[in-house]
Protein chains: 2
Amino acid sequence: MEKKYKILLVDDEPDIIEFIRYNLIKEGFEVYHAENGIKAIEIAKQIEPHLIILDVMMPGMDGIETCSSIRQISNLKKTVITFLTARGEDYSQIAGFEAGADDYITKPIKPKVLISRINALLKRFTIETEEPVYEMNGKNSRIIINREKYLVTKNGQDLILPRKEFELLALLVSKPEKVFTREEIYQLVWGSDIIVGDRTIDVHIRKLREKIGEDHIVTIKGVGYKFMNE
Amino acid sequence: MEKKYKILLVDDEPDIIEFIRYNLIKEGFEVYHAENGIKAIEIAKQIEPHLIILDVMMPGMDGIETCSSIRQISNLKKTVITFLTARGEDYSQIAGFEAGADDYITKPIKPKVLISRINALLKRFTIETEEPVYEMNGKNSRIIINREKYLVTKNGQDLILPRKEFELLALLVSKPEKVFTREEIYQLVWGSDIIVGDRTIDVHIRKLREKIGEDHIVTIKGVGYKFMNE
DNA sequence: CCCGGGGTTTACCAAATTGTTAAGCGTACT
DNA sequence: AGTACGCTTAACAATTTGGTAAACCCCGGG
């Protein structure tokens with residue numbers, strides 16, 4: 001389930017912006033930028049980014065102030081904010097965390113460190129949204145999907161499914177009875193970027209039916225698939 | 001950041017379930033339920049609830065039996081179990097504590113009492129969780145990880161593992177069955193700033209398997225690794 | 001009855017992941 | 001210095017998974 005994260009970059013030095021921007025885009029992030037705090041807040045309200053990278057030292061409204069302001073905005077409560085700071089500006093760390101920052105990145109920036117740090121942050125703050133366990137009770141069958149253990153239990157028997165099959169099943173089960181169109185399935189399991197052929201879903205559906213039984217996944221011709229438990 | 005506690009409710013009377021369920025959900029708990037002992041055990045294995053509320057009187061497997069069975073399951077050793085019993089069924093108290101119950105709640109149930117009782121129980125549970133020693137008992141093996149002594153004991157035999165191997169093993173064992181992605185492992189064992197190559201984890205995994213046996217660490221392709229004890 | 005639009009299956013191949021082994025490097029200990 | 005050990009990486013092998021093409025089906029409409 002691939003999602004494209006939006007990142008807002010705030011710094012007054014064009015060089016830095018360009019450098020970070022380049023590296024983030026290469027990693028597939030959607031990158032926006034602003035050269036000062038005021039603009040940053042404006043853009044943030046608009047796009048509701050997942051992550052904001054904020055330079056501490058900026059003319060006018062500095063990073064700390066900007067951070068505090070952003071934290072006031074209710075739509076952005078969930079947004080992760082990280083500061084960008086030169087090594088040695090220790091004093092700002094304390095003020096930064098008080099202002100509601102989630103992490104610090106120190107200059108000079110190494111691309112690899114930057115990326116892995118960002119991935120870690122996004123993961124840490126996203127993970128909390130996913131339901132770890134789904135449970136389905138039918139007349140004569142019980143199916144449990146455990147994301148954490150990556151395990152599907154059918155009537156007490158454990159099954160280990162390959163990634164795509166698991167994601168597909170998890171998706172269908174997440175809303176029993178709901179019909180997912182092929183489009184939706186592609187979006188949610190494969191992600192908006194990846195393009196695969198027409199028959200790919202069918203094949204995975206088939207493998208699933210093979211493993212969990214024919215009766216659970218129902219085809220609605222011309223529309224899509226849905227999961228049922230009866 | 002509040003953690004959502006998982007509670008499993010076991011009773012054969014739908015009315016009771018509904019009543020308690022309603023009150024618990026209102027308090028922000030994550031509530032699961034089962035109508036008999038067998039199903040309760042199955043669900044408990046899957047979701048690893050923090051608390052199980054067990055009716056004593058049930059058709060088939062009664063509460064006492066169910067409790068005993070649950071106490072056998074190593075992943076559920078930490079789970080708090082409380083019985084639900086009609087006032088006056090004194091005899092069952094004794095049997096109940098012997099079977100490993102932690103507390104009793106008597107019918108008729110008053111919501112406020114119920115909630116405060118449960119909060120107290122969970123509080124106690126949370127405090128006891130921080131242990132420097134993990135112990136895992138499987139069918140034909142027993143593994144103990146002692147952080148303080150930096151020692152791993154397998155079937156009574158002490159092993160001294162190098163730092164990375166130890167940390168890796170300790171991580172996996174800390175949540176048996178949970179699949180840790182490579183990302184997570186890098187984050188938690190190496191830290192988000194250190195960048196190491198793709199094959200590094202594999203090599204450590206291999207060394208671990210060499211030392212503690214092949215069957216414990218399971219690969220979930222495309223996802224990560226998990227520790228099992230069977 | 002035949003045809004065409006999906007949907008199903010199967011077989012097969014390419015791509016992605018993981019497993020293994022061995023070698024290089026650095027550090028601690030002797 | 002010499003040796004041992006732990007951590008990484010490199011290189012290559014072994015596996016698994018994912019995707020596609022193509023043959024097959026099923027069903028409703030000419």
Side-chain angles (χ1 to χ4, degrees), chain A residues 1-2 28 112-113 116 150-152 159-172 179-228, chain B residues 150-152 159-172 179-228:
Chain A
M1 207 173 290
E2 329 258 339
K112 285 196 173 178
V113 175
S116 97
Y150 226 83
L151 206 63
V152 175
L159 293 175
I160 296 180
L161 301 182
R163 198 167 69 223
K164 287 283 191 271
E165 281 168 48
F166 185 92
E167 296 293 356
L168 176 52
L169 179 61
L171 175 65
L172 294 179
V179 180
F180 289 88
T181 65
R182 278 152 183 281
E183 267 314 313
E184 283 177 297
I185 295 175
Y186 280 126
Q187 288 295 312
L188 296 167
V189 176
W190 273 261
S192 42
D193 297 349
I194 295 102
I195 299 169
V196 292
D198 274 5
R199 301 269 63 74
T200 301
I201 286 181
D202 309 47
V203 174
H204 286 291
I205 290 284
R206 162 138 192 308
K207 289 180 181 165
L208 276 179
R209 295 213 247 238
E210 210 168 63
K211 289 171 187 170
I212 66 164
E214 303 290 320
D215 301 332
H216 291 296
I217 300 172
V218 181
T219 305
I220 312 290
K221 275 190 94 150
V223 188
Y225 298 92
K226 70 173 173 175
F227 186 91
M228 301 199 27
Chain B
Y150 225 81
L151 202 64
V152 175
L159 292 175
I160 297 178
L161 298 183
R163 198 162 35 254
K164 288 283 191 265
E165 282 168 47
F166 184 89
E167 295 294 352
L168 176 52
L169 179 62
L171 175 64
L172 294 179
V179 179
F180 290 88
T181 65
R182 276 155 183 278
E183 271 309 318
E184 283 177 296
I185 295 174
Y186 281 127
Q187 296 308 316
L188 297 167
V189 176
W190 274 262
S192 54
D193 293 354
I194 294 107
I195 315 288
V196 291
D198 273 1
R199 301 267 62 72
T200 302
I201 286 181
D202 308 51
V203 174
H204 286 287
I205 290 283
R206 176 163 168 297
K207 290 182 178 163
L208 277 178
R209 296 213 246 236
E210 217 166 59
K211 290 170 188 169
I212 64 164
E214 301 290 318
D215 300 333
H216 291 296
I217 300 172
V218 181
T219 304
I220 312 286
K221 255 199 130 150
V223 189
Y225 297 93
K226 67 174 170 175
F227 186 92
M228 305 208 4

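Reminder, nothing fancy here: chain letters follow the sequence lines and each chain counts from 1.
For A:E183, the side chain to side chain contact (heavy atoms under 4.5 Å, CB included) partners at least two apart in sequence or on another chain are A:T181, A:Q187. Checked against ring-ring contact (aromatic ring centres under 6.0 Å, His included), B:F227 has the following partners two or more places apart in sequence or in another chain: B:H216. Under the rule for a salt bridge (Lys or Arg N to Asp or Glu O under 4.0 Å), the partners of B:R182 that lie at least two apart in sequence or sit in another chain are B:D202. Under the side chain to side chain contact (heavy atoms under 4.5 Å, CB included) criterion, A:V196 pairs with A:Y186, A:W190, A:I194, A:T200, sequence neighbours left out. Shown here are the salt bridge (Lys or Arg N to Asp or Glu O under 4.0 Å) partners of B:R206, two or more places apart in sequence or in another chain: B:E210. The side-chain hydrogen bond (donor to acceptor under 3.5 Å, both in side chains) search around B:D215 returns none, not counting sequence neighbours.
For B:Y225 and C:dG19, the shortest distance from a side-chain N or O to OP1 or OP2 is below 4.0 Å. The shortest distance between the side-chain N/O atoms of B:T219 and the OP1/OP2 oxygens of C:dG19 is below 4.0 Å. A sub-4.0 Å separation between OP1 or OP2 of C:dG6 and a side-chain N or O of A:R182 is absent.
Nucleic acid contact for A:F166: none, since no nucleic acid atom lies under 4.0 Å from a heavy atom of the residue.
Atom CD in A:E167 sits about 14 Å away from atom P in D:dT17, given to the nearest Å. Distance B:D202 CG to D:dA13 P: 17 Å, rounded to the nearest Å. Regarding B:D198, its CG atom lies at a distance of 17 Å from the P atom of C:dT20, rounded to whole Å. As rounded to whole Å, 11 Å separates atom C1' of C:dG19 from atom CD1 of B:I205.
Residues B:I205 and B:L172 meet the side-chain proximity criterion, which asks for heavy atoms closer than 4.5 Å. By the 4.5 Å heavy-atom criterion applied to side chains, A:V189 and A:I201 are not counted as neighbours.
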Would you list the atom pairs, donor with acceptor, under 3.5 Å between side chains in residues 160-169 of chain B and any protein atom, with sequence neighbours excluded?
| residue | atom | partner | partner atom | Å |
| --- | --- | --- | --- | --- |
| B:E165 | OE1 | B:K211 | NZ | 2.8 |
| B:E167 | OE1 | B:R147 | NH2 | 2.6 |
| B:E167 | OE2 | B:Y150 | OH | 3.4 |

Collect all protein-nucleotide pairs involving nucleotides 6-8 of chain D in which both atoms are nitrogen or oxygen and the distance is under 3.5 Å.
| residue | atom | partner | partner atom | Å |
| --- | --- | --- | --- | --- |
| D:dC7 | OP1 | B:K164 | N | 3.1 |
| D:dT8 | OP1 | B:W190 | NE1 | 3.0 |
| D:dT8 | OP2 | B:W190 | NE1 | 3.1 |
| D:dT8 | OP2 | B:H204 | NE2 | 3.4 |

Is there any protein nitrogen or oxygen under 3.5 Å from a nitrogen or oxygen in nucleotides 22-30 of chain D, and what are the pairs?
none

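Remark on DNA chain C: of its neighbouring residues B:I220 and B:E210, the 5'-side contact belongs to B:I220, judged by nearest-heavy-atom nucleotide.
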